[in-house]
Amino acid sequence: MSGTRLSLAKGLNAGLRKAMDKDPKVVLMGEDVGKLGGVFRITEGLQKDFGDHRVIDTPLAESGIVGTAVGLALRGYRPVVEIQFDGFVYPAFDQIVSQVAKMHARSLGHLKMPMVIRIPCGGGIGAVEHHSESNEAYFAHTAGLRVVSCSNAADAYWMIQQAIETDDPVVFFEPKRRYHERGETEIDEGGSPDLGLYDARVAKEGSDLTLLCYGPMVKTCLQAAAAAQEEGRNLEVIDLRSLSPLDLPTITSSVKKTGRAVIVHEAQTFVSLGAEIAARVQEECFYHLEAPVLRVGGYNIPYPPSRFEEEYLPTLDRVLDAVDRSFAH
Amino acid sequence: MSDSDVAGHAGTRGRMAGAFEPSPEMGPTPPSQISGHFSDDNPEMVQFVDADGNRLATNETNAPYAQIVEDMTSEDARTIYRDLVLVRRIDAEGFALQRQGELGLWPSLFGQEAAQVGAGRALRAQDYAFPGYREHGVAWCRGVDPVSLFGMFRGVNHGGWDSNENNFHLYTIVIGNQMLHAVGYGMGIAADGDMGTGDPERDAAVMAFTGDGGTSQGDFNEALVFAAVTNAPVVFFVQNNQWAISEPNDKQFIIPPYQRARGFGFPGVLVDGNDPLASYAVAKDALDKARSGQGPTLIEAYTYRMGAHTTSDDPTKYRSDAEVEIWKHKDPIKRMRGFMQERGHADPEFFAAVDAEADEVAARIRKACQEMPDPELPTMFDNQYTEPHPLVEAEREEFLAYHAGFAEEGGQA
Ligand SMILES: Cc1ncc(C[n+]2csc(CCOP(=O)(O)OP(=O)(O)O)c2C)c(N)n1
Ligand SMILES: [Mg+2]
């Protein structure tokens, strides 16, 4: 199966399958993940092939799902938990923050939490309330969790496997509006990943300004960079991939090169990943900066009804507007 | 206590099993290999009419509610029938509007009309209902204009009605959350002394709606605990429509939810949720008890989700058409109509008039939905706080300036 071009959803599915093939301790659990294959079909076919002891349709209770996954992890399993939508992770927040994140440290390193919590995230699909949130900052803020986000099919395929192999708990954000877009790159399923799980990717090299982004915004930023190219501006696009830890060397060496940075995410900007990155960049790159670090994100209101979302979410135009503002300095 | 004790004595009002044989007219019994059908032949299920609407004999199970049914006037019966027909039609319109792109999503209540209308009509004006997201029939009975239900499914708002106008809370999408709100509201009623006074205009109760899947949530079970220890005037109305998206009942519980109530310390009742009379009578009885200070009740309305989970769902992936066929025999509207004909509650003109009214309502709400304007974009910053918040105000200004910039560019071109 070398050289297949999969959608992001199919990339995840193939990655999960591979991880389950490799390690019998990998179990999937969540609402509707079995026969239905999940509401986004990410686990499609896996219960049929691996059995309902390894792909578990759980009761409808997120705290229960994550809490029992903790117990399974203590017993030597590697649970991969699916939260059906971003806005439904909160019943599990207590388990994640109080137990999953802290277990290794509070046991003085005796216990491990090799768990992956998959969360379809972000907006842009015209959904009702609670189905479009970008809540990664809550988790990135929580010490003890690793937080990553894939932006394309190939990364989805490799990153989900790397996350499952990690002995720390990983919160894995999947950009739901990109699930069914066809992948740009071919995946060599027999090969190996070109980056470590916590490495950022230079998605497009450039010299004039650095766009820092992740998840669903990577595509938007690449489009913005293409548009800017026509105006003679050569933007660098960095797909962060890992939100905790942050790949600061990749970020700062890019900004030192370009002298300008715009951070783009769907999440509200107040106390966001953008805030953290801006703080780090000004600490590390102060004398290289030609302009203040700018942020483009969701407005600081709860995710609005879907008729507003096109204007709420960062768009190519809003990214270019920020680029203009940076160059105006 | 052995397992059989748990099952056998679970009728929390001391009813004995075995007194009632389900009627053969109820259609074929589902094959046992179809998972999860807990209560198909459960003698503890309160029923009043068979599949054709014939009044079933009074038995030990339904006897406590029989007087309520006997006291119903022709007008009461006609009200319920009209509601059943109209809410089915409103629901069908919601479905069609979604298919035509006017709505982003529609969760259909098809099949659950009797449970919802029975519960909705048992509520008094001063009572309060806390719905999930599928309770269009309850909304109708409370007097909420169906057009305002469309707002959130069209994406123009997150719930377009003032809850306090009809004592019908906003829809709650996060499964289980509203159960606790209902209990707290009931605690408030009790604290205000609006319970147990004997004044029918004053005593109030709360009804909290969720589904079979909802019974698994922590919030649901915590709500039962709070209701029990506070003796709050709350009726938990669980519509067991057999499915939580793709998961059948046996993924959520191994005893039916009504039996759980006793363990929390209050009664649970199983009712045929496709029997409008039984649903109404059981809900009325529980609400009367709550208002009079006798505490909470959990009602499990045993029913069926005839359609997909929502318009986004494809149920052929996980359930058989044969199962749906079985439930067609238990259609609530057919049963109500049969009962009314048997009792002479209405003449053919009445039924024709209801159908005509359904056409009118459908046409009105369809037009209103199609004409529902898109919201003014800057209103997304409205109502975020009760007083101005500097960040929100600054972003509103930023938003306006940004969009004004486009208008200028457009103007120059
Ligand atoms: C906390 C939470 N988790 C997951 C969901 C996604 N979801 C929406 S409806 C549903 C199933 C609900 O089943 P049930 O309670 O039986 O109600 P029904 O839809 O059958 O009326 C799920 C899992 C949600 N809305 N809220
Ligand atoms: Mg259900």
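Order of the sequence lines fixes the chain letters, A, B, ..., with proteins taken first and strands second; residue numbering starts at 1 for each chain.
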Check whether [X] gets within reach of chain A through its side chain, its backbone, both or neither, counting any heavy atom under 4.5 Å.
X         : value
Glu247(B) : both
Leu391(B) : side chain
Leu377(B) : both
Arg154(B) : both
Val392(B) : side chain
His389(B) : neither

[atom2] on [Y] to [atom1] on [X], rounded to 0.5 Å:
X         : Y         : atom1 : atom2 : value
His130(A) : Ile175(B) : NE2   : CD1   : 10.0 Å
Tyr299(A) : Arg396(B) : OH    : CZ    : 12.5 Å
Phe399(B) : Tyr312(A) : CZ    : OH    : 12.0 Å
Glu129(A) : Ile173(B) : CD    : CD1   : 5.5 Å
Glu311(A) : Tyr402(B) : CD    : OH    : 9.0 Å
Leu60(A)  : Gln252(B) : CG    : CD    : 5.5 Å

Q | Chi angles and distances behind the side chain to side chain contact (heavy atoms under 4.5 Å, CB included) call for Glu395(B), Asn300(A) | A | CA-CA 8 Å; Glu395(B) 289 199 338; Asn300(A) 292 283; 2.6 Å; yes
Q: Determine, stepwise, if the pair Glu62(A) / Gln217(B) fulfils side chain to side chain contact (heavy atoms under 4.5 Å, CB included).
A: CA-CA 8 Å; Glu62(A) 288 76 9; Gln217(B) 279 289 8; 2.7 Å; yes
Does a sphere of radius 6.0 Å around [atom1] in [X] hold more than 12 heavy atoms from other residues, nucleotides or ligands, not counting ones at 6.0 Å or beyond?
X         : atom1 : value
Lys251(B) : NZ    : yes
Phe264(B) : CZ    : yes
Gln100(B) : CD    : yes
Asp374(B) : CG    : yes
Tyr138(A) : OH    : no
Phe381(B) : CZ    : yes
Phe226(B) : CZ    : no

Q: Give the member of Val128(A), Asp57(A), Asp317(A) that has the highest number of heavy-atom pairs under 4.5 Å with chain B.
A: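 Between Val128(A), Asp57(A), Asp317(A), the count favours Asp57(A).
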If I compare all heavy atoms of [X] with all of [Y], which pair ends up nearest, and what's the gap?
X         : Y         : answer
Met380(B) : Phe308(A) : CB-CD2, 3.5 Å
Ala244(B) : Asp32(A)  : O-OD1, 3.4 Å
Ser216(B) : Pro59(A)  : OG-CB, 3.7 Å
Arg41(A)  : Asp314(B) : NH2-CB, 4.3 Å

Q: Check each atom of Gln84(A) against the heavy atoms of chain B and say whether the ones under 4.5 Å are side chain, backbone, both or neither.
A: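 Contact with chain B: side chain only.
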**Q.** Engaged part of Glu44(A) at the chain B interface, taking heavy atoms whose separation is under 4.5 Å
**A.**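 Side chain of Glu44(A) only, per the 4.5 Å heavy-atom cut-off to chain B.
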Q. Would Arg307(A) and Glu376(B) satisfy salt bridge (Lys or Arg N to Asp or Glu O under 4.0 Å), going step by step from the backbone distance to the final call?
A. CA-CA 10 Å; Arg307(A) 299 260 164 165; Glu376(B) 294 291 328; over 6 Å; no
Q) chain A: which of Gly213(B), Gly176(B), Gly159(B), Gly218(B) shares the most heavy-atom pairs with it under 4.5 Å? A)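 The option with the most such pairs is Gly213(B).
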